[in-house]
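Presented below is the structure to which this report refers.
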Amino acid sequence: MDREPGIKLSPRLYAISRLVQPGQICADIGADHAQLAIFLVEQKLAPKVIVTDIARGPYERAQQAAQVSPGARLIDLRQGDGLQPLRPGEADMIIIAGLGGDAIAGILCSDWKKAESFRQYIMQPMSRAWVLRNTLAERGWPIRTEQVIREDSRFFAVIKAAPGNTPYRLSPLEADIGPLVLASGPAGNRDYLLEWLKKYRKIRDGLSQTNRQEELAAVQMKLHKLEDILNGV
Ligand SMILES: C[S@@+](CC[C@H](N)C(=O)[O-])C[C@H]1O[C@@H](n2cnc3c(N)ncnc32)[C@H](O)[C@@H]1O
């Protein structure tokens, strides 16, 4: 397989690449096509990227893509589950993108000791981000930055976090949307917040046809808080 040098990333993967501090050894867990790893080494943003995937097909896809990159010798491919293919501390930055928030949380929970041997994480949940955020809060891992990326008509949260040991609590709204995004107010992320408003209204309308009172009260609470934030209250 031949291709022109110089890979163009999707806005989602490009946003992730911008959060990598240049010079860090990275590991991309669940890398599939390995586009991010190829970009990081070709742009000299990372001296080495360990690329892993649990499944044979994506692992082979990553292999094929990496071997035609000018940065091939800086990409170390390994097949395996979560952090298992890594030795403790062998990467500075762990990237886990494009998996469900519950799957990312599951990877961390399966071996906290190893997970805490790496200095930093960039995580981009495709769904159920609240499971990941609550897991980080319960374990005491601070969220350092949070970005919302729009790709086509979809919003993606990109979370940069680091191991820590001071557990904290998130409100249900913070767990859904992201505490730092909420704290920054409506100006920068208005469309993302409006999308959540639409989602909550739809859930509320569905629940009001049922007798699930507790769930209805919970969604109404989130809805009111979000309306206040959007109205600058
Ligand atoms: C949708 S792709 C995301 C690819 C890339 N990270 C991205 O963001 O574009 C998800 C990949 O994660 C892999 N995967 C799922 N669970 C995994 C696990 N526990 N450990 C390693 N890889 C996993 C899948 O095989 C799949 O190739």
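We count ligands from 1, going down the list as the structure has it; atoms in each ligand are counted the same way.
- With sequence neighbours left out, the ring pair (Phe, Tyr, Trp, His ring centres under 6.0 Å) criterion links Tyr121 to Trp141.
- Among pairs with a residue in residues 150-184, those fulfilling ring pair (Phe, Tyr, Trp, His ring centres under 6.0 Å) read Phe155-Tyr192, at least two apart in sequence or across chains.
- Ion pairing between a basic and an acidic side chain is recognised when a charged N comes within 4.0 Å of a carboxylate O; Lys225 and Glu174 show no such pairing.
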Table of N or O contacts for ligand 1, cutoff 3.5 Å:
residue: ligand 1; atom: 6 (N); partner: Gly30; partner atom: O; Å: 2.8
residue: ligand 1; atom: 6 (N); partner: Ala97; partner atom: O; Å: 2.8
residue: ligand 1; atom: 8 (O); partner: Arg12; partner atom: NH1; Å: 2.7
residue: ligand 1; atom: 8 (O); partner: Arg12; partner atom: NH2; Å: 3.4
residue: ligand 1; atom: 8 (O); partner: Ala97; partner atom: O; Å: 3.2
residue: ligand 1; atom: 9 (O); partner: Arg12; partner atom: NH2; Å: 2.8
residue: ligand 1; atom: 9 (O); partner: His33; partner atom: NE2; Å: 2.9
residue: ligand 1; atom: 19 (N); partner: Asp81; partner atom: OD1; Å: 2.8
residue: ligand 1; atom: 20 (N); partner: Gly82; partner atom: N; Å: 2.8
residue: ligand 1; atom: 22 (N); partner: Ile54; partner atom: N; Å: 3.2
residue: ligand 1; atom: 25 (O); partner: Asp53; partner atom: OD1; Å: 2.6
residue: ligand 1; atom: 27 (O); partner: Asp53; partner atom: OD1; Å: 3.3
residue: ligand 1; atom: 27 (O); partner: Asp53; partner atom: OD2; Å: 2.7

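- Applying the side chain to side chain contact (heavy atoms under 4.5 Å, CB included) test between His33 and each of Asp53, Ile7, Ile38, Leu13 identifies Leu13 as the sole match.
- Sorted by first and then second residue, the pairs that involve residues 102-117 and meet salt bridge (Lys or Arg N to Asp or Glu O under 4.0 Å), not counting sequence neighbours, are Asp102-Arg128, Glu116-Arg139.
- Side-chain contact check for Pro179 versus Glu146: some heavy-atom pair is nearer than 4.5 Å.
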